[in-house]
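The next block holds one structure in the form of structure tokens; read it before the comments.
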Amino acid sequence: LSPLHLLLVYFRAAQYACSLVVYLLRNNSDRKDLVAKLKSLETSLSAGRKLLRLGNAANSIEAAKRTVQLSDRVLRLCLTVANVSRTLYFICDNVLWAKSVGLIRNIDKERWSLNSFRFYFFSLVMHLSRDVYAVLQVMTKRSRDKNFKQRMDQHLTENPEVAEVVVPHLDGFLFLLLEALKSHPDLALDSVKNICDLFIPLDKLGLYQSNGGVIGFCGLISSLIGIVTLTQPRLRIAP
């Protein structure tokens, strides 16, 4: 466990917590001073994270070198493309940091920012693709287990659903999905984390407009999951 990595996640959690509180207090005239302080803290935490992420591009390149050797072709494709996209995201992020401190001047900040979020978005999509693939693998394996089939048949007999009439086998699919996620908490946490993170680039790229409250909440949940998985290795998805 890298102390720097853990510090980054704590900074991230604090930054999005500030963003969420600022949104919740935005119309409270009695808390204007507090809101101003939280906005300043949020900006400082964001700048601090950019500084601490300066070496992350190299880490992502090393991760891509490892995932390109995976035997499973789907995992190899999803994770390698995700790591390459993440590398490009960090490069853009580093350029933006250099611009903010005056090391670089003649660049289009808006263009670099949009590109960084595009790479971040694509990385998350590939990570989510890996999660879906892993979930389907677990569901397929469990559906072939005789004991599990008996449990599912019993559940369907005892709990007939109206949805079954509209979408055949929906209840059986949902039961199988929930059981798969319950048996693999690392996969469930990674899926929730990636889904929450997805709202951030979707908003920044204008693909799905939300608000500061949604972004703050999703970023906070994602960061808390990150802290849990870093401190509890058994809940960290691999590879």
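- Hydrophobic clustering (side-chain heavy atoms under 4.5 Å, transitive across Ile, Leu, Val, Met, Phe, Trp, Tyr) groups Y133 together with L79.
- Distance check, rounded to the nearest 0.5 Å: CG of L176 to CZ of F173 gives 7.5 Å.
- We find the CZ-CG distance between F217 and N211 to be 12.0 Å, quoted to the nearest 0.5 Å.
- Atom CD of residue E42 and atom OH of residue Y16 lie 8.5 Å apart, to the nearest 0.5 angstrom.
- In the hydrophobic cluster analysis, where Ile, Leu, Val, Met, Phe, Trp and Tyr join through side-chain heavy atoms closer than 4.5 angstrom, L220 is grouped together with L230.
- Residues T43 and Q15 fail the side-chain proximity criterion, which asks for heavy atoms closer than 4.5 Å.
- With a 4.5 Å cut-off on side-chain heavy atoms, R49 and S46 do not count as touching.
- Between the side chain of S40 and the backbone N or O of A36 there is no donor-acceptor pair closer than 3.5 Å.
- Among the candidates D203, L207, L128, the single residue satisfying the side-chain contact (heavy atoms from CB on, under 4.5 Å) test with L198 is L128.
- The hydrophobic clustering, which links ILVMFWY residues whose side-chain heavy atoms are closer than 4.5 Å, places L52 and V9 apart.
- Ion pairing between a basic and an acidic side chain is recognised when a charged N comes within 4.0 Å of a carboxylate O; D197 and K193 show such pairing.
- Side chain of S123 to backbone of A82: a donor-acceptor contact under 3.5 angstrom is found.
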Using atom types as modelled, flag every donor-acceptor pair under 3.5 Å from a side chain in residues 93-119 to any protein atom, sequence neighbours excluded.
| from | atom 1 | to | atom 2 | distance (Å) |
| --- | --- | --- | --- | --- |
| D93 | OD1 | K50 | NZ | 2.8 |
| D93 | OD1 | R53 | NH2 | 2.8 |
| D93 | OD2 | R53 | NE | 3.0 |
| D93 | OD2 | R53 | NH2 | 2.9 |
| N94 | ND2 | L54 | O | 3.4 |
| N94 | ND2 | F90 | O | 3.3 |
| K99 | NZ | R105 | O | 2.9 |
| S100 | OG | W97 | O | 2.6 |
| D108 | OD1 | E110 | N | 3.2 |
| D108 | OD1 | R111 | N | 3.2 |
| N115 | OD1 | R118 | NH1 | 2.8 |
| N115 | ND2 | R111 | O | 3.4 |
| S116 | OG | S113 | O | 2.6 |

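- Note on ring orientation: taking the six-membered ring where Trp is involved, the planes of F199 and Y208 are perpendicular (angle over 60°, cut-offs 30° and 60°).
- R86 contributes no side-chain N or O that, together with a main-chain N or O of N83, makes up a donor-acceptor pair within less than 3.5 Å.
- K65 is linked by a salt bridge (Lys or Arg N to Asp or Glu O under 4.0 Å) to E62, counting only residues two or more places apart in sequence or in another chain.
- Note: R31 CZ to K37 NZ = 11.5 Å, rounded to the nearest 0.5 Å.
- V81 and V84 fall into different hydrophobic clusters, where Ile, Leu, Val, Met, Phe, Trp and Tyr residues are linked whenever their side-chain heavy atoms come under 4.5 Å apart, directly or through other members.
- I215 CD1 to L20 CG: the interatomic distance, rounded to the nearest 0.5 Å, is 11.0 Å.
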Between T67 and R76, is the side chain to side chain contact (heavy atoms under 4.5 Å, CB included) condition met? List the steps. CA-CA 6 Å; T67 55; R76 183 168 67 239; over 6 Å; no

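- Using a 4.5 Å cut-off on side-chain heavy atoms (C-beta onward), D186 and R234 make no contact.
- Hydrophobic clustering, with ILVMFWY side chains joined whenever heavy atoms are under 4.5 angstrom apart, keeps F11 apart from L224.
- Residues S191 and L187 have side chains in contact (heavy-atom distance under 4.5 Å, counting atoms from C-beta outward).
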Can R142 and S183 be said to form a side chain to side chain contact (heavy atoms under 4.5 Å, CB included), step by step? CA-CA 10 Å; R142 300 215 74 176; S183 64; 3.6 Å; yes

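- Checked by atom type, the side-chain pair S223/R12 shows a donor-acceptor distance below 3.5 Å.
- Using a 4.5 Å heavy-atom cutoff, the side chains of P239 and R66 are not in contact.
- In this structure, CG on L41 lies 10.5 Å from CG on L34, to the nearest 0.5 angstrom.
- Here the side chains of L77 and V74 are not in contact, with every heavy-atom distance at 4.5 Å or above.
- In this structure the side chain of T80 never reaches within 4.5 angstrom of the side chain of L75, judged on heavy atoms.
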Show your working on side chain to side chain contact (heavy atoms under 4.5 Å, CB included) between K32 and L25 and close with a plain yes or no. CA-CA 8 Å; K32 285 185 177 180; L25 297 178; over 6 Å; no

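- Looking at D72 and Q137, their side chains come closer than 4.5 Å, going by heavy atoms from C-beta outward.
- Comment: D190 engages R130 in a salt bridge, judged by a side-chain N to carboxylate O separation of less than 4.0 angstrom.
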Does V132 form a side chain to side chain contact (heavy atoms under 4.5 Å, CB included) with V135? I'd like the steps, not just the answer. CA-CA 5 Å; V132 171; V135 168; 5.7 Å; no

